[in-house]
Number of protein chains: 2
Amino acid sequence: MIRLSRLSDYGIVLMTRLAREPARALPASVLAQESALSPAMTGKILKLLARADLLVSQRGVHGGYALARAPERITIAEIIEALDGPIALTSCLRPTAEGCGIESVCPARTNWQRINQAIRDALAGVTLAEMASPPRNFGPAPSASPRRAAAPARDPAGLVITSLGAK
Amino acid sequence: MIRLSRLSDYGIVLMTRLAREPARALPASVLAQESALSPAMTGKILKLLARADLLVSQRGVHGGYALARAPERITIAEIIEALDGPIALTSCLRPTAEGCGIESVCPARTNWQRINQAIRDALAGVTLAEMASPPRNFGPAPSASPRRAAAPARDPAGLVITSLGAK
DNA sequence: CGAAATAGAACCGATATGGTTCCATTTCAA
DNA sequence: TTGAAATGGAACCATATCGGTTCTATTTCG
Ligand code: FES
Ligand code: FES
């Protein structure tokens, strides 16, 4: 049902935790504890994120993980793609793999691409910083433009995400 | 990887086929054939769609399925929800079920709700009619307003989908 | 009556997912 | 020098979910 894998789910939780202290490097163990996740799972996720260059890791006795970039410059889409592979609603949109099997007669494929792109952009339009900030219920959108980094205001795909305002 | 189930995938294909002749009722057998799907699978899907009141069915010898409403008034989101249940990225957003397990310490949940709503709206903003129409590569967005039916232009959730233009 | 269709449910096998375990490597400090 | 604390990387497993089929009951009409 269009659900996110738990890997990504937890991954984002861990990243938001790290975003609260972008400077310090925290070891997986404390991240696990603070996030109520099993150390094993946590390790797995952090390793994947590090391999995707979203985290930098320090080995050895006082090691740990820290964000590789400022939280304003990391998008939710990046995290998801690092953990779950490319965002592709239908199998026929996935670059690799075999496809959905009915490409030949499918009347909807090109439109699928647009929709897929639209939600990709939606995810790419939310930064880790926004995710980490407590929900602010006051005032208009915090102006800001960081998210523009990855989400063009008006992409050529059709669907356009314009703003992530305050609740 | 945020993928759509095949049920929904095929379901939309079948619906778009029906949208080409909104008046006539077609039997499952011909829908299956024209869409290159197994009759069994096709039957299953159509039954679900009928139960969700997206299709009307006629039993008996000259029976078949037809759209319950004009294709302009059926959204992709409706089809997906009919076949795969509510759209909920993370398990903790799903009304039923147990949740993701870390609700207590999760710093991201309220933001998840917004994102989830945003992509829900994205899906609800595309009508079956738009999906069925061949991709038009010319001219600006076909103006149109049908999609407004289900997708408020500026929802309170934050992320706003404004337009599904032409490619 | 019987063929043609849908309604509904049960059933089954494969795959992906969530999660663990094990071992190798790096680093630092006692 | 040695070992504890950390990450790197991979294999492994159990189970839920998903894609798909099969079977039976019911409706409709010729
Ligand atoms: S859904 Fe895969 S080609 Fe149309
Ligand atoms: S992801 Fe489930 S509560 Fe945060």
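Convention: sequence-line order gives letters A, B, ...; per-chain numbering from 1. Note: hydrogens, waters and symmetry copies are ignored here, and every other heavy atom, side chains too, is used. Remember, it's a predicted structure, so these values are computed and weren't measured experimentally.
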Visitor: So, is A:S5 near the phosphate of C:dA16, with a side-chain N or O under 4.0 Å from OP1 or OP2?
Guide: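 Indeed not, no polar side-chain atom of A:S5 lies that close.
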
Visitor: Figure out the CE/P separation between B:M41 and C:dA9, and round it to whole Å.
Guide: 16 Å

Visitor: Who are the side chain to side chain donor-acceptor pair (under 3.5 Å) partners of A:S35, not counting sequence neighbours?
Guide: none

Visitor: Would you mind reporting whether B:I115 and A:M131 have side-chain heavy atoms less than 4.5 Å apart?
Guide: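 Contact flag for A:M131/B:I115 side chains = yes.
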
Visitor: Which residues pass the salt bridge (charged side-chain N to carboxylate O under 4.0 Å, His left out) test with B:R69, sequence neighbours left out?
Guide: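 For B:R69, the residues satisfying salt bridge (charged side-chain N to carboxylate O under 4.0 Å, His left out) (neighbours in sequence not counted) are B:E78.
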
Visitor: Whole-Å distance between D:dT17 C1' and A:R6 CZ?
Guide: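 Rounding to the nearest Å, CZ of A:R6 and C1' of D:dT17 are 13 Å apart.
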
Visitor: Counting only heavy atoms and a strict 4.0 angstrom limit, can you tell me which residues of residues 28-36 of chain A come near DNA chain C?
Guide: none

Visitor: B:L26 or A:S38: which one's nearest nucleotide on DNA chain C is closer to the 5' end?
Guide: B:L26

Visitor: Who are the side chain to side chain donor-acceptor pair (under 3.5 Å) partners of B:R24, not counting sequence neighbours?
Guide: B:E21

Visitor: Is A:Y10 close enough to C:dG19 that one of its side-chain N or O atoms is under 4.0 Å from OP1 or OP2 there?
Guide: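 Answer is yes, contact under 4.0 Å.
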
Visitor: For residues 39-64 of chain B, tabulate all N or O donor-acceptor pairs below 3.5 Å that involve a side-chain atom, not counting sequence neighbours.
Guide:
from  : atom 1 : to    : atom 2 : distance (Å)
B:T42 : OG1    : B:S38 : O      : 2.7

Visitor: Quick check: do A:L14 and A:L37 have side-chain heavy atoms less than 4.5 Å from each other?
Guide: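 In contact.
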
Visitor: Mind checking if B:G64 touches a base, just sugar-phosphate, or nothing, with heavy atoms under 4.0 Å?
Guide: sugar-phosphate

Visitor: Can you tell me the distance, in whole Å, between the OH atom of B:Y65 and the P atom of C:dT6?
Guide: 5 Å

Visitor: To the nearest Å, give me how far apart CG (A:D84) and P (C:dG19) are.
Guide: 13 Å

Visitor: Nearest whole Å is fine: how far is D:dG8 C1' from A:L55 CG?
Guide: 14 Å

Visitor: Between C:dT6, D:dT7, C:dG18, which nucleotide has the shortest distance from any of its atoms to the side chain of A:P27?
Guide: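 Closest nucleotide to the A:P27 side chain: D:dT7.
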
Visitor: Under 4.0 Å between a side-chain N/O of A:S57 and OP1 or OP2 of D:dA6, yes or no?
Guide: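 No.
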
Visitor: Do A:W112 and B:L4 touch side chain to side chain, with heavy atoms closer than 4.5 Å?
Guide: yes

Visitor: Name all residues meeting the side chain to side chain contact (heavy atoms under 4.5 Å, CB included) criterion together with A:P71; count only those two or more places apart in sequence or in a different chain, and write none if there are none.
Guide: A:A19, A:P22, A:L67, A:L128, A:A129

Visitor: Expressed as a whole number of angstroms, how long is the span from A:L48:CG to C:dG19:C1'?
Guide: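 My rounded result for the distance is 13 Å.
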
Visitor: Measure CG/B:L18 against C1'/C:dT6 and give the value in whole Å, please.
Guide: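 My rounded result for the distance is 14 Å.
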
Visitor: Which atoms of nucleotides 9-11 of chain D (N or O only) lie under 3.5 Å from a protein N or O atom, and what are those distances?
Guide:
from  : atom 1 : to    : atom 2 : distance (Å)
D:dG9 : N7     : A:K47 : NZ     : 3.1
D:dG9 : O6     : A:K47 : NZ     : 3.1

Visitor: With heavy-atom distances below 4.5 Å as the criterion, would you say the side chains of A:L123 and A:T75 are in contact?
Guide: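 No, too far: nothing below the 4.5 Å cut-off.
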
Visitor: Take the C1' atoms of the five end pairs on each side of the helix from C:dC1-D:dG30 to C:dA30-D:dT1, get both axes, and report the angle to 10 degrees.
Guide: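 Here the helix ends are tilted 10° relative to one another.
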
Visitor: In this structure, which one of B:I79, B:L83, B:L7 forms a side chain to side chain contact (heavy atoms under 4.5 Å, CB included) with B:I12?
Guide: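 Answer after filtering B:I79, B:L83, B:L7: B:I79.
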
Visitor: Mind listing the N/O atom pairs, protein and nucleotides 25-28 of chain D, below 3.5 Å?
Guide:
from   : atom 1 : to    : atom 2 : distance (Å)
D:dT26 : O2     : B:R59 : NH2    : 2.8
D:dT27 : O4'    : B:R59 : NE     : 3.4
D:dT27 : O4'    : B:R59 : NH2    : 3.4
D:dT27 : O2     : B:G60 : N      : 3.4
D:dT28 : O2     : B:V61 : N      : 3.3

Visitor: Only one of B:V126, B:T16, B:T127 passes side chain to side chain contact (heavy atoms under 4.5 Å, CB included) with B:I76; say which it is.
Guide: B:V126

Visitor: Determine yes or no for a side-chain-to-main-chain donor-acceptor pair under 3.5 angstrom, with B:N116 supplying the side chain and B:L89 the backbone.
Guide: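 The answer is yes, because a donor-acceptor pair under 3.5 Å joins these two groups.
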
Visitor: Between P on C:dA7 and CD1 on B:I45, what's the gap in Å once rounded to a whole number?
Guide: 14 Å

Visitor: Check salt bridge (charged side-chain N to carboxylate O under 4.0 Å, His left out) between A:E34 and all other residues, then give those that pass, not counting sequence neighbours.
Guide: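 A:E34 satisfies salt bridge (charged side-chain N to carboxylate O under 4.0 Å, His left out) with A:R17 only.
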
